[in-house]
Amino acid sequence: MGTHGMTLTAIVPTLNEEENILDCLDSLAWVERRVVFDCYSTDRTVELAEGAGAEVLQHPFEDFAQFHNAAMEQVGGDWIFFVDADERATPAVAEEIRTVVAQDGKEVLWWIPRHNYIFGRLTKGAGWYPDYQARLLRQGHVHWERPVHEIAVADGPEGTLENPLIHYNYDDVEDFRARQERYNRYDAQILFEEGVRPHAYTPYTQFARHFWWRFVVLGGLREGLHGLRLSLLTAIYEMKKYRRVAQMWRELER
């Protein structure tokens with residue numbers, strides 16, 4: 001993309017993504033430089049990525065923010081487009097990003113919506129759309145904070161793109177549970193370090209609050225039984241999170 005001399009690099013963070021990496025890289029064929037930033041995969045991710053013509057860099061994983069910051073530092077360039085291996089950039093996304101980079105406006109961070117496919121179904125209710133993600137970043141103006149559910153912090157104006165990335169999210173309920181367990185532990189640790197001390201009833205009130213928020217306020221009911229199941233599952237893990245925090249305090253005070 002060399003308009004105004006600006007370069008664009010797509011970075012795909014990976015760990016054991018052999019099932020996704022080729023389709024992801026294929027959807028990024030329009031980007032002049034594709035970098036797979038890998039945290040020492042033990043499957044064929046690296047081999048497949050190199051075979052597809054992508055550059056591969058490897059770096060140890062400490063937390064999500066650290067990994068993203070390290071990727072930007074090592075890759076360099078003017079604009080960075082982060083894409084997860086289970087995401088696909090459509091031609092509409094490609095055209096919109098080309099336009100943004102060519103215009104070289106004041107924005108240093110662009111948020112991109114996502115179409116989430118959960119259990120194989122496009123899901124827009126229960127808070128799964130527009131699901132904006134900070135993905136197009138001006139190098140030197142954005143950094144990442146927080147170990148999980150990382151957030152991008154920009155020192156300049158931000159914008160929002162219109163066309164969504166395709167995100168092939170949770171494959172099935174077991175996949176959902178496994179990943180939520182990992183996220184749940186991180187989130188509970190953050191609440192604990194912030195000094196949050198749940199009451200005995202807090203996990204249950206959080207379950208009710210979160211279910212109402214997902215199913216009613218965010219429109220999970222429009223998804224029918226699919227939305228009901230997702231709202232219940234996310235509410236259960238909200239309850240588990242506060243139970244974990246309470247357990248941390250009990251262990252500390254023994």
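Computation of the quantities below employed the complete heavy-atom set of this structure, encompassing side-chain atoms and omitting hydrogens, waters and symmetry-equivalent molecules. Worth saying up front: this structure is predicted, and the values here are computed from it rather than measured. Residue numbers run from 1 in the order of the sequence given.
Taking a 6.0 Å sphere around CH2 of Trp212, one finds it holds 12 or fewer heavy atoms contributed by other residues, nucleotides or ligands. In this structure, Glu73 places its CD atom where only 12 or fewer heavy-atom neighbours from other residues, nucleotides or ligands lie under 6.0 Å away. Applying the 6.0 Å contact sphere to CG of Leu252 captures more than 12 heavy atoms from other residues, nucleotides or ligands.
Ion pairing of Arg138 with Asp104 is present here, as a side-chain N (NZ or NE/NH1/NH2) and a carboxylate O approach within less than 4.0 Å. A salt bridge links Asp84 to Arg135: one of the charged nitrogens lies within less than 4.0 Å of a carboxylate oxygen.
Every residue two or more places apart in sequence or in another chain that forms a side chain to side chain contact (heavy atoms under 4.5 Å, CB included) with Glu238 is listed here: Gln206, Arg209, His210, Lys241, Tyr242. With sequence neighbours excluded, the residues that form a side chain to side chain contact (heavy atoms under 4.5 Å, CB included) with Met72 are Ile80, Phe82, Leu137, Gln139, Trp144.
Between the side chain of Glu87 and the main chain of Cys24, no donor-acceptor pair closer than 3.5 Å is present. Proximity of a side-chain donor or acceptor of Glu107 to a complementary backbone N or O of Thr160 within less than 3.5 Å is not detected. For the pair Gln66 (side chain) and Asp63 (backbone), a donor-acceptor distance under 3.5 Å is present.
Residues Ala134 and Leu109 approach most closely at CB-CD1, 3.7 Å, considering heavy atoms. A pairwise comparison of heavy atoms in Arg214 and Gly127 identifies NH1-CA, 3.9 Å as the closest pair. In plain terms, the two heavy atoms of Asn16 and Ser41 that are nearest each other are N-OG, 2.7 Å. Here the closest non-hydrogen pair linking Trp79 and Leu136 is CE3-CG, 3.8 Å.
Residue Trp213 holds its CH2 atom at 10.0 Å from OG of Ser231, rounded to the nearest 0.5 Å. Here the CG-CD distance, from Asp175 to Gln180, works out to 10.0 Å after rounding to the nearest 0.5 Å. From Thr234, atom OG1 reaches atom CH2 of Trp128 across 7.5 Å, with rounding to the nearest 0.5 Å. We find the CG-OG1 distance between Asp131 and Thr123 to be 11.0 Å, quoted to the nearest 0.5 Å. If you take CZ on Arg33 and CD on Glu55, they are separated by 4.0 Å, rounding to the nearest 0.5 Å. One finds the CZ atom of Phe119 at 5.0 Å from the CG atom of Leu230 (value rounded to the nearest 0.5 Å).
When the side chains of ILVMFWY residues are joined at heavy-atom separations under 4.5 Å, either directly or via intervening members, Ile166 and Phe81 end up in two distinct hydrophobic clusters.
Side-chain atoms of Thr14 and Asp38 form a donor-acceptor pair, as typed in the model, at a separation below 3.5 Å. Remark: the Glu17 side chain and the Asn20 side chain contain an N/O donor-acceptor pair separated by less than 3.5 Å.
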Under the side-chain hydrogen bond (donor to acceptor under 3.5 Å, both in side chains) rule, what do His143 and Asn69 come out as? Steps first, then yes or no, please. CA-CA 6 Å; His143 69 278; Asn69 287 327; over 6 Å; no
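Ring-plane geometry between Phe64 and Phe61 is classed as perpendicular, the angle between the planes exceeding 60 degrees on a 0 to 90 degree scale with a lower cut at 30. The aromatic rings of His115 and Tyr129 sit tilted relative to each other, their planes meeting at an angle between 30° and 60°.
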